[in-house]
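These notes concern the structure reproduced below.
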Amino acid sequence: MRSRTLALATASGAALLAAAALPATAQPAAHRPAPAARHTPLQEGSVPAAQLLAKLKSCTQLSHGKYSTDEGTAATVPVCGKNGAVFWKADMDIDCDGQITSQCNADTDPWFQDDTRFHQSDGKPLNAAKLPYVVVPGTSGIWNYESAGIKGGGVVAIIYNNQVEYAVVGDTGPNKIIGEASYAAAKGLGIDPDPENGGADSGVTYLLFTNSQASPIENHAAAVSRGDTLAKKFLQEN
């Protein structure tokens, strides 16, 4: 997502130059992009997205300031608090760090790192291509995720396009940027998971349940089961 604007501008410029080079009587060939694969809407657990979002219309700001969604952009995103949870509304950059896979490696991701802040129960880094996980900002004067009751393996509901996906807190990122999740998290929601050019520009809500844990961290089914219970409790308490 970080380079999407540049890539689109470059492609548009190339297309204009190519068209200008054609004879006056020639016409550029019709562009017929391949149809996108149909995405089946995702609903993990039994609590609909609309019910969760209805509780997140107002923000009691917990962070001492706001975060940017990308490097060099304005800081517009606060971390907000609710009973039993914190949340923010942002974009989604793609984290492909951790275990080396065909989807996530130094060739597919210019920012690839072969480790994650939190590890599997066997000590290995997380597998971004397989496990839906969320990245939290590194500790700073803006916000300290640990002091807020957020920890590695904590359960998260990611809400996007009327879908609910459960994930875990799996990695930390820059301390002034927010809005990032794993390759698998994006793919599950129908978001382009390409670590260089994919992601979503906006419309993603991250609801992190405080003092929660999916065990083991790499077991997605455990996150879904625990998340559904926590989501129901969240609705009752807010």
- Does the side chain of Gln120 come under 3.5 Å of the side chain of Asp122 through a donor N or O and an acceptor N or O? yes

- Shortest non-hydrogen contact between Gly98 and Phe112, atoms and distance: O-CZ, 3.5 Å

- Message: Before you tell me yes or no, could you show the steps for Asp171 and Leu126 under side chain to side chain contact (heavy atoms under 4.5 Å, CB included), namely the whole-Å CA-CA distance, both residues' side-chain angles and the distance that decides it to 0.1 Å?
- Response: CA-CA 9 Å; Asp171 204 358; Leu126 301 181; over 6 Å; no

- Task: Answer whether the closest heavy-atom distance between the side chains of Thr73 and Ser68 falls below 4.5 Å.
- Result: yes

- Note on the structure: When rounded to the nearest 0.5 Å, the distance separating CD1 of Ile191 from CG of Asp201 is 10.0 Å

- Note on the structure: Which of Asp97, Thr116, Asp95, Asn127 passes side-chain hydrogen bond (donor to acceptor under 3.5 Å, both in side chains) with Tyr133? Answer is Asp95

- Query: Do the side chain of Glu180 and the main chain of Met92 share a donor and acceptor less than 3.5 angstrom apart?
  - Reply: no

- Test item: Pro195 and Trp111 side chains (from C-beta on) under 4.5 Å apart, heavy atoms: no

- Message: Would you compute the distance between atom CD1 of Ile94 and atom CG of Asp194 and round it to the nearest 0.5 angstrom?
- Response: 8.0 Å

- Message: Testing the basics here: between Pro78 and Ser63, what is the closest heavy-atom pair and its distance to 0.1 Å?
- Response: CA-OG, 3.7 Å

- Any link between Trp143 and Val204 through a network of hydrophobic side chains (Ile, Leu, Val, Met, Phe, Trp, Tyr) touching at under 4.5 Å? yes

- Message: I'd like to know if Tyr160 and Leu53 are part of one continuous hydrophobic network [Ile/Leu/Val/Met/Phe/Trp/Tyr, side-chain heavy atoms within less than 4.5 Å].
- Response: no

- Message: Looking at Phe209, is its backbone amide N or carbonyl O close enough to the side chain of Ser212 to form a donor-acceptor pair, meaning the two atoms are under 3.5 Å apart?
- Response: yes

- Spacing of His64 atom NE2 and Ser140 atom OG [to the nearest 0.5 Å]: 9.5 Å

- Message: Please determine whether side chain to side chain contact (heavy atoms under 4.5 Å, CB included) holds for the pair Val47 and Asp228, giving the CA-CA distance in whole Å, both sets of side-chain angles, and the decisive distance to 0.1 Å.
- Response: CA-CA 7 Å; Val47 179; Asp228 191 45; 3.9 Å; yes

- Item | Considering all heavy atoms, the nearest Val168-Leu131 contact | CG2-CD2, 4.1 Å

- Task: Would you give the length of the straight line joining atom NZ of Lys176 to atom CD1 of Ile142, rounded to the nearest 0.5 angstrom?
- Result: 6.5 Å

- Message: By the definition side chain to side chain contact (heavy atoms under 4.5 Å, CB included), identify the one residue from Tyr145, Trp88, Phe87 that meets it with Val79.
- Response: Trp88

- Give the C-alpha distance, both sets of side-chain angles, the deciding distance and a yes or no for side chain to side chain contact (heavy atoms under 4.5 Å, CB included) between Ile217 and Phe118. CA-CA 9 Å; Ile217 188 174; Phe118 305 107; 4.1 Å; yes

- Can you tell me if NZ on Lys89 sees more than 12 non-hydrogen neighbours from other groups inside 6.0 Å? yes

- Message: Nearest 0.5 angstrom please: Ile158 CD1 to Leu189 CG, how far?
- Response: 6.0 Å

- Message: For Tyr166 versus Pro132, what's the shortest heavy-atom pair and its separation?
- Response: O-CB, 3.9 Å

- Message: Could you check whether Ser202 and Asp91, counting side-chain N and O atoms only, form a donor-acceptor pair closer than 3.5 Å?
- Response: no

- Gln213 to Val155 - nearest heavy-atom pair and separation: C-CG2, 4.0 Å

- Message: Using the rule that Ile, Leu, Val, Met, Phe, Trp and Tyr join whenever any side-chain heavy atoms are under 4.5 Å apart, tell me whether Val135 and Ile178 fall into a single cluster.
- Response: yes

- Message: Would you say that Lys124 contacts Gln99 through its side chain, given a criterion of any heavy-atom pair below 4.5 Å between the two side chains?
- Response: yes

- For residues Lys82 and Leu56, report the shortest heavy-atom separation together with the two atoms involved. CG-CD2, 4.2 Å

- Message: Can you see whether Glu218 engages Ser121 through a side-chain donor-acceptor pair at a distance of less than 3.5 angstrom?
- Response: yes

- Query: More than 12 non-hydrogen atoms from neighbouring residues, nucleotides or ligands closer than 6.0 Å to NZ on Lys130, yes or no?
  - Reply: no

- Decide yes or no for Ile177 and Thr69: does some side-chain heavy atom of the first lie under 4.5 Å from some side-chain heavy atom of the second? no

- Within the distance-only criterion (no hydrogens, no angle test), does the side chain of Asn161 pair as donor or acceptor with the backbone N or O of Gln163 below 3.5 angstrom? no

- Derivation of the side chain to side chain contact (heavy atoms under 4.5 Å, CB included) call for Asp115 and Gln113: CA-CA 6 Å; Asp115 200 5; Gln113 299 179 51; 5.6 Å; no

- Message: Rounded to the nearest 0.5 Å, what separates atom NE2 in His39 from atom NZ in Lys187?
- Response: 11.0 Å

- Query: Judged by modelled atom types alone, do Glu165 and His220 share a side-chain donor-acceptor pair under 3.5 Å?
  - Reply: no

- Task: Look at the side chain of Thr108 and the backbone N and O of Gln103, then say whether any donor-acceptor pair between them is shorter than 3.5 Å.
- Result: yes

- Query: Is Val169 linked to Ile159 within one hydrophobic cluster, defined over Ile, Leu, Val, Met, Phe, Trp and Tyr using a side-chain heavy-atom separation of less than 4.5 Å?
  - Reply: no

- Is the closest side-chain heavy-atom distance between Lys55 and Leu235 below 4.5 Å? yes

- Item | Joint cluster assignment, Leu52 & Val156, ILVMFWY side-chain distance < 4.5 Å | no

- Taking Asn83 for its side chain and Asn238 for its backbone only, find out whether a donor-acceptor pair lies under 3.5 Å. no

- Answer yes or no: is there a donor N or O on one side and an acceptor on the other, between the side chain of Asp109 and the main chain of Asn105, under 3.5 Å? no

